[in-house]
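Reviewing the structure listed below.
This is a predicted model, so every value here is computed, not measured.
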Amino acid sequence: MIKIADKKVFSFVGLLGVLNLLIAISWCTTYMKWSLASWQTPIHYLTSESDTLSTLAGLKAFDEGDFRPFKTKVIKRLGAPGVANWNDFPIIEEIPISFFGLLGKIFGLMGGLNLSLLLGHLLAGTFFFCVARFLRASFLASFLGGLAFGLAPFLFAQSPHHIVIQYVWHIPLFILVWDWVLEPSAIKLGGRRFWFSILVGVLAGIQNIYYTYIFCQFVVLGSAIQFFRYRQRNSIISGFLIISSAVTSILVMNLDTWIYRMKEGPNTGALIREYRWLEIYALKLIDLFIPPANHQLSLLADLGRLYRSQSILNDEGSYLGILGLVCLVGLVATSLLPFLKKTPKSPPVAFWQVSWIVLFFCTGGINALQGVLGITFFRTGCRYSVVILAIILLYGLRKMTDFESSYIFKKRDSSKPFWYLCVAIICSILIFVDQVPASLSEEADLRSDFLFHSDKEFTESMEAALPKGAMIFQLPVMFFPEAPVFGIDSYNHLRPYLFSKNLRFSFGNNKGRESDEWQKSLSRLPIQELVPEIVSKGFTGLYVNRNGFPDKAEQLVRDMKLLGYQEPTIS
């Protein structure tokens with residue numbers, strides 16, 4: 001005889017398997033990853049999101065042993081004639097990046113990146129499903145929530161250029177901790193909830209700091225509320241220790257950066273955050289409702305393109321999806337409608353959490369006030385839309401579970417499985433059509449594939465023409481990171497590094513150090529003086545990106561030919 005508990009375990013594992021299968025099929029269909037060859041090309045290449053190249057460079061550096069957690073980051077094949085220092089720009093996500101790099105080492109650079117992106121979706125769906133079940137949401141509600149969160153438009157919008165932002169699987173765990181902090185008994189020191197919360201703090205601290213920031217905010221707010229309600233010192237102590245676990249993790253992950261700065265002195269030029277970006281990339285309520293321009297339904301896609309053609313502020317995928325919007329409207333309605341009665345009740349916690357995020361990170365909100373005071377690090381407030389999505393989905397699914405128990409599935413009759421299946425299929429189709437972006441057109445896929453292989457062949461021709469370990473000076477002179485120039489985005493000079501095996505390149509050293517002054521001085525020299533200078537430093541090749549010159553470098557090519565360099569290798 002099969003016990004009821006065994007049936008629940010079977011249902012849990014089975015539904016989780018179906019959930020991950022559906023997410024994987026949706027992802028592979030969107031990016032046409034159905035062959036081994038397709039997995040060895042990135043889902044996007046040389047698009048407007050140039051951060052993809054820096055992401056791949058991180059995986060490449062791991063593959064060559066130059067990027068390791070807790071160690072000084074010196075990239076030997078960049079920053080020629082010296083080496084590239086990657087220690088001035090804080091990299092907190094060293095463990096996730098190393099994991100992506102390990103996958104790249106096993107499955108190839110591009111295969112590792114693609115697998116990492118797919119895992120981001122799978123983990124998001126899996127952990128949301130598990131947290132929903134832990135909070136006693138029904139199997140149906142948990143499944144739909146896991147599907148909606150695992151296929152969130154935000155995750156697609158961050159792929160592949162912001163992979164550490166795309167990894168949001170731990171956010172549902174945040175909500176568990178926030179709920180516990182607000183309970184009257186708080187989190188007892190030394191108990192299971194306490195140690196689990198400490199673990200969540202550690203997980204938050206080793207991943208993207210945007211999410212760590214909101215995690216700590218709500219722990220602080222919850223602990224303070226509990227203290228003033230019940231005067232329990234335990235709530236303050238436990239909250240302090242949970243935040244300390246996150247902060248300590250950040251400190252440990254940044255230890256190599258601080259040690260390097262102690263040795264070499266501060267470098268204020270490596271990380272620059274201007275106030276204006278806090279307004280440009282702030283959270284905007286309208287972006288929660290406007291679908292992306294690559295929506296599957298042409299009517300909604302046209303709406304997205306029309307809005308973005310007129311909007312002067314930027315967004316990074318804040319659209320909540322129809323299911324998320326239904327949950328948001330339901331949350332606002334159930335929170336505010338009681339105030340029309342004579343005996344209103346307090347809104348649910350989810351309402352206050354969403355309100356706080358909007359108030360803090362919207363354009364002109366508290367985050368902007370921080371920026372005026374010089375705290376400009378959290379410039380992209382729209383990224384917190386995914387936290388709003390997690391909160392409202394969990395709230396909506398709990399309500400859905402209550403509705404199931406009270407009305408639809410209260411009676412034990414033979415039609416229950418049929419209704420479950422119908423609701424699951426209809427809602428799943430809605431999620432697929434609404435949240436999964438339209439597949440790449442064949443033309444766009446072929447163009448991306450062509451550019452990718454063109455760069456690969458060009459780099460191979462460079463290696464064939466130059467001795468092993470040759471140094472190549474790159475023009476126009478650019479600085480790293482986040483420093484585009486006329487006609488070229490920030491990381492375009494990394495393209496040959498991704499495909500080369502032994503060449504060294506002048507680009508890629510953190511800006512703000514004296515080692516950059518030499519390149520900066522060369523950028524002002526005519527080519528007749530520049531060539532002898534770089535030859536004296538040991539360079540044997542000149543790499544020119546024509547897009548960085550108003551005349552597409554026509555004059556530079558003519559001058560090089562006058563100097564005797566008659567046969568350039570051209571991509």
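Here the side chain of S238 pairs no donor or acceptor atom with the backbone of L189 at under 3.5 angstrom. In this structure, the side chain of Q435 engages the main chain of L151 through a donor-acceptor pair within 3.5 Å. A donor-acceptor contact shorter than 3.5 Å links the side chain of Y384 to the backbone of Y210. Judged by distance alone, with hydrogens and angles left aside, the side-chain atoms of S490 form no donor-acceptor pair with the main-chain N or O of P481 at under 3.5 Å. With hydrogens and angles ignored, the 3.5 Å screen pairs a side-chain donor or acceptor of S311 with a backbone N or O of L313. Remark: the backbone N or O of G304 is paired with a side-chain donor or acceptor of R308 at under 3.5 angstrom. Distance alone, capped at 3.5 Å, is enough to place a donor-acceptor pair between the S245 side chain and the I242 backbone.
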Self-check item: F156/V436 under side-chain contact (heavy atoms from CB on, under 4.5 Å): CA gap, chis, key distance, verdict
Solution: CA-CA 8 Å; F156 287 103; V436 178; 4.2 Å; yes
Practice problem: Starting from the C-alpha separation in whole Å, work towards a yes-or-no answer on side-chain contact (heavy atoms from CB on, under 4.5 Å) for V349 and W178. | Solution: CA-CA 10 Å; V349 173; W178 296 339; over 6 Å; no
Self-check item: side-chain contact (heavy atoms from CB on, under 4.5 Å) evaluation trace for L113 with T55
Solution: CA-CA 9 Å; L113 176 64; T55 298; 4.0 Å; yes
Exercise. Test I426 against L430 for side-chain contact (heavy atoms from CB on, under 4.5 Å), laying out the working first.
Key: CA-CA 6 Å; I426 293 172; L430 175 65; 5.7 Å; no
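Contact between D434 and I322 at its shortest, heavy atoms only, is OD2-N, 2.5 Å. What you find for L182 and G222 is that their closest heavy atoms are CD2-CA, 3.8 Å. Nearest heavy atom pair, residue L278 against residue G371, reads CD2-CA, 3.7 Å. Nearest heavy-atom pair across V386 and F149 is O-CE1, 3.8 Å. When all heavy atoms of T401 and A141 are compared, the pair lying nearest together is OG1-CB, 3.7 Å. Nearest heavy-atom pair across A282 and C362 is CB-C, 3.8 Å.
Side chains of P96 and Q207 form a contact here, defined as non-hydrogen atoms less than 4.5 Å apart. For the pair F361/V387, no side-chain contact is recorded, criterion being any heavy-atom separation below 4.5 Å from C-beta on. Looking at P172 and F129, their side chains never come closer than 4.5 Å, going by heavy atoms from C-beta outward. Between L320 and I392 there is a side-chain heavy-atom pair separated by less than 4.5 Å. Between F227 and S223 there is no side-chain heavy-atom pair separated by less than 4.5 Å. Within the 4.5 Å cutoff, no side-chain heavy atoms of L389 are placed close to those of F128. T363 has its side chain within reach of K284: a pair of non-hydrogen atoms, C-beta onward, lies under 4.5 Å apart. Residues Y167 and S116 have side chains in contact (heavy-atom distance under 4.5 Å, counting atoms from C-beta outward).
Identified under the salt bridge (charged side-chain N to carboxylate O under 4.0 Å, His left out) test for residues 172-184, with sequence neighbours left out: D179-R398, E183-R193. Annotation: salt bridge (charged side-chain N to carboxylate O under 4.0 Å, His left out) contacts involving residues 379-389, sequence neighbours excluded, comprise E316-R383, R379-E482.
Between F134 and W180, the angle of the ring planes goes over 60°, which puts this pair in the perpendicular group of the 30/60° scheme. Ring pair F215/F174 is tilted by interplanar angle, where 30° to 60° counts as tilted.
Y319 is linked by a ring pair (Phe, Tyr, Trp, His ring centres under 6.0 Å) to nothing, counting only residues two or more places apart in sequence or in another chain.
A distance of 11.0 Å separates CG in N20 from CD1 in I25, rounded to the nearest 0.5 Å. Going from atom CG of L147 over to atom CD1 of I431 covers 4.5 Å, rounded to the nearest 0.5 Å. One finds the OH atom of Y211 at 15.0 Å from the CG atom of L203 (value rounded to the nearest 0.5 Å). Taken from CD1 in I92 to CD1 in I206, the straight-line distance is 11.5 Å, to the nearest 0.5 Å. In this structure, CG in L336 is found 8.5 Å from CG in L331, a value given to the nearest 0.5 Å. Expressed to the nearest 0.5 Å, how far SG of C382 lies from CG of D287 amounts to 7.5 Å.
In summary, the side chains of T334 and Y395 do present a donor paired with an acceptor at a separation below 3.5 Å, with no hydrogens or angles considered. There is no side-chain donor-acceptor pair under 3.5 Å between H295 and D302.
In summary, the aromatic rings of F360 and F378 are positioned with their centroids too far apart to meet the 6.0 Å limit. Checked against the 6.0 Å centroid threshold, W39 and W27 count as a close aromatic pair.
The environment of L373 atom CG is dense: over 12 non-hydrogen atoms of other residues, nucleotides or ligands sit within 6.0 angstrom.
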